[in-house]
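Scroll down for the structure; my scribbles are underneath it.
Each chain gets a letter, A, B and so on, in the order its sequence line appears, and its residues count up from 1.
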Number of protein chains: 2
Amino acid sequence: MDSIRPERKKSSADLSARRRRGDGRPTIADVAARAGVAAITVSRALSDPSLVSDTLRKTIEEAVQALGYVPNLSARTLASTRSSVVGVLIPSLSQTVFTDVLRGVYDGVDGSPLTVQIGNTRYDEAEEERLIKVFLREKPAGMIVSGIDQTPEARRMLENAGCPVIQIMDISDDPIDQIIGFSHYDGGRKVTEHLIEEGYRRIGFIAGWVSRRSSGRLDGYRAALAAAGLPQPSLEHSFSPGYMPKLADASETPAGRPVLEFATPRVGRELFRAAIAADPGLDAVFCNNDILALGVLFECQAQGIRVPEDMGIAGFNDHDYMESAFPSLSSGRTHRYRNGLDAVVAIRRRLGGAPVGEPVIDMGVEVMKRRSTDRSGNRRD
Amino acid sequence: MDSIRPERKKSSADLSARRRRGDGRPTIADVAARAGVAAITVSRALSDPSLVSDTLRKTIEEAVQALGYVPNLSARTLASTRSSVVGVLIPSLSQTVFTDVLRGVYDGVDGSPLTVQIGNTRYDEAEEERLIKVFLREKPAGMIVSGIDQTPEARRMLENAGCPVIQIMDISDDPIDQIIGFSHYDGGRKVTEHLIEEGYRRIGFIAGWVSRRSSGRLDGYRAALAAAGLPQPSLEHSFSPGYMPKLADASETPAGRPVLEFATPRVGRELFRAAIAADPGLDAVFCNNDILALGVLFECQAQGIRVPEDMGIAGFNDHDYMESAFPSLSSGRTHRYRNGLDAVVAIRRRLGGAPVGEPVIDMGVEVMKRRSTDRSGNRRD
DNA sequence: CTGTTAGCGCGTTCAG
DNA sequence: CTGAACGCGCTAACAG
């Protein structure tokens, strides 16, 4: 017997009456009808063209073209076990350090079907754990997480995520899955060694807030001083967790969630004042990040302290303003954009079927030696 | 009689045999079964609790709690006509101007079911149009777009999007739907007027690249000069579109897509050198953005030009480093974080059923008068 | 206020 | 290499 259901495809009257929900967009069924094949064949032609004969593929491609068909991601995700989302967890949106990473991530997914989803952990491991849970529900195509300080539970979830998990912006012997980043310890050590080589002896350390991540830098600084026989704990200056810096515009604080901004030039100026008050013999400072270094430079200018003669200044990350300052500011250069880009590239490779590759990739930190630390008088930029 | 179906809850053997696909996560059906109601009732209790009686709601909430049920977003989006995505289109991820906006956006969706999706238009209106098309396919809950220079086609699509569309970071009499932002023209005019009031007469304009957006600032600058009888077209300095500034790290360029960075201190220094070479009588510069102003300050320091006596410097946006510079730098303060936050708040209000409200909200630009333009000697910070 | 029914658009399973 | 049938989890539409 003929189908009990009335024929649907031919009559345009039917066509208009036929849809009850959904918008007018063409579906895979429309493409299939036009190409004279089954929907599944269209699906295959789209996801893995090698599964379909050349002739059919051609016809299907033409039908897709003609109809302007675009797959519905929700339907695809619902029906399959994987989505096309790459989840990216970063601790802050206000630091350009991480927005540089994001630029790399976005450039990395460009031209692929992948979609980026960002989670802001606000330097809170519990919030990170919560976000991981939320992201993993969507069965992401891949995850990118910042640093190595995940909670044990977060780590466990990521290990069982069933997708590539790339840790970035730090380094470890024991990655969850794969880690691409650099050693904060090495960075802090190298910058401090540079200061020592230039002849500085009472080298202070300034940080707005020593997170676990930056504590690697602090440890590297301590190690370099210790190796040179110059340990000096009293030279370490950072705000206690209780300190609440003012915002440029207090109204910019969302209700109930203060924006803690520990990395501003103002904080740099204040910490530097505290540092020289505590030790007038201070002759250099290693700043935990560039923006603090900029503040220190301004404070030196305000107080008539000569840089680099009376005071050496070095930062960390090497943002573009460092080389343009007067005098130009030394810094430990990190490869943030590249880090984000490479993380996505690794994910794409693995989604493409490639094996995991090197589980640990250290991109290194390069000391940019500029005028602000040129006590030996070798440079002139 | 007892149910024909065997009891499901007690036997774990049944449990494992029962599912064919999908992961182990509880579904709305599980919640419904446990609460002894129909699935749709659970759906309603979750989406609009007022549709369900207090007693049932209680039971359902308990079942949700007990099972750890979390709705599947893909299924929800597929079945309904709206997703929970707020699409945000910004022209750049490398300028903190827009990452400040993003911070506000993310804080704004906090605690709501909304999800943020970011599109980077790279200052390309065609790319913006393409992204709008892509975003609208997902039937977003709302759209946030930067500026007012959408293509006619993009505008048409947004008008028919069927969701709140908020334009930000600019102002217009004729918003697509609703606009929350500020006038670049007013900002440019006000800052220039301030320079004139301070006694500067040969006021240059410096911009890395005059986009349509910043041309408002340029126009405001021109208007202020014209009103004071000081028009001076030769003082306008900006790079031509053909200019390609160097990157701090050339390797940071993704293949095939050069990163054009027109807003760096280095560019500011170069443009300022060109400006004083072209007109040695220059006594002040209005910089199209803060980071250029910082570069100008450094160049002045390098050349021994006194600020503010010999040269006034003003920027635009008022990033936090402006007040901490030495001398502190004047700027037109814009409310970027707030702008992102308010845009989301407007969307949430409307999703909650509120009417459109003011279609045009001007957040204003405030001139921060600091030492770098204090020729009259009134200030001392 | 609550339930029934019927899909949303796609991919998996299993059969050719 | 191709197809038919079914179901992913949820909600719109329409009853009661």
Side-chain angles (χ1 to χ4, degrees), chain A residues 3-5 8 17-60 64 67-84 113 137-139 141, chain B residues 18-60 64 67-84 113 137-139 141 162:
Chain A
S3 163
I4 293 169
R5 296 215 291 240
R8 304 180 145 187
R18 141 176 159 236
R19 305 202 136 86
R20 301 247 270 270
R21 311 221 310 241
D23 43 25
R25 290 205 280 139
T27 74
I28 201 170
D30 298 327
V31 177
R34 193 182 221 273
V37 298
I40 184 60
T41 308
V42 177
S43 172
R44 286 200 267 254
L46 262 38
S47 63
D48 187 353
S50 73
L51 293 174
V52 175
S53 70
D54 283 2
T55 12
L56 274 192
R57 187 168 54 238
K58 271 258 166 64
T59 332
I60 290 171
V64 166
L67 264 39
Y69 167 72
V70 183
N72 179 318
L73 292 188
S74 301
R76 176 174 287 175
T77 304
L78 182 58
S80 61
T81 31
R82 282 288 108 176
S83 78
S84 54
R137 284 201 222 302
E138 302 189 40
K139 306 215 164 248
Chain B
R18 139 177 162 236
R19 306 203 134 88
R20 301 246 271 270
R21 307 214 318 236
D23 43 24
R25 290 207 278 138
T27 75
I28 200 170
D30 297 326
V31 177
R34 192 182 223 273
V37 298
I40 185 66
T41 308
V42 177
S43 171
R44 286 200 268 253
L46 262 39
S47 63
D48 187 352
S50 73
L51 294 174
V52 175
S53 69
D54 282 3
T55 12
L56 274 191
R57 186 167 56 238
K58 272 257 164 68
T59 330
I60 290 171
V64 166
L67 264 40
Y69 168 71
V70 183
N72 179 318
L73 291 187
S74 299
R76 176 175 285 175
T77 304
L78 181 57
S80 60
T81 31
R82 281 290 106 170
S83 77
S84 54
R137 282 201 224 303
E138 301 188 42
K139 305 211 163 256

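Annotation: the span from B:L51 atom CG to B:L46 atom CG amounts to 12.0 Å, rounded to 0.5 Å. To the nearest 0.5 Å, atoms OG1 (B:T27) and CG (B:L67) are separated by 9.0 Å.
One atom, CG of B:N72, and another, P of D:dG9, lie 7 Å apart when rounded to the nearest Å. One can place CG of B:D30 at 13 Å from C1' of D:dC8, the figure rounded to the nearest angstrom. The distance from atom CG of B:L78 to atom P of D:dG7 is 17 Å, rounded to the nearest whole Å. Between the CD1 atom of A:I40 and the P atom of C:dT12 there is a distance of 7 Å, rounded to whole Å. Straight-line distance from the CZ atom of B:R76 to the P atom of D:dC8: 18 Å, rounded to whole Å. Put simply, OH on B:Y69 is 10 Å from P on D:dG9, counting in whole angstrom units. Going from atom CD1 of A:I28 over to atom C1' of C:dG11 covers 8 Å, rounded to whole Å.
Residue pairs meeting the side-chain hydrogen bond (donor to acceptor under 3.5 Å, both in side chains) criterion with at least one partner in residues 37-48 of chain B, sequence neighbours excluded, are B:D48-B:S50.
Residues A:Y69 and A:I60 fail the side-chain proximity criterion, which asks for heavy atoms closer than 4.5 Å. Side-chain contact between A:S83 and A:L73 is absent, with no heavy atoms from C-beta onward closer than 4.5 Å.
Less than 4.0 Å separates DNA chain D from at least one heavy atom of each of the following residues of residues 41-59 of chain A: A:T41, A:R44, A:L51, A:V52, A:S53, A:L56.
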- Dump the intermediate steps for side-chain contact (heavy atoms from CB on, under 4.5 Å) on A:T77 and A:E138, then the final yes or no. CA-CA 8 Å; A:T77 304; A:E138 302 189 40; over 6 Å; no
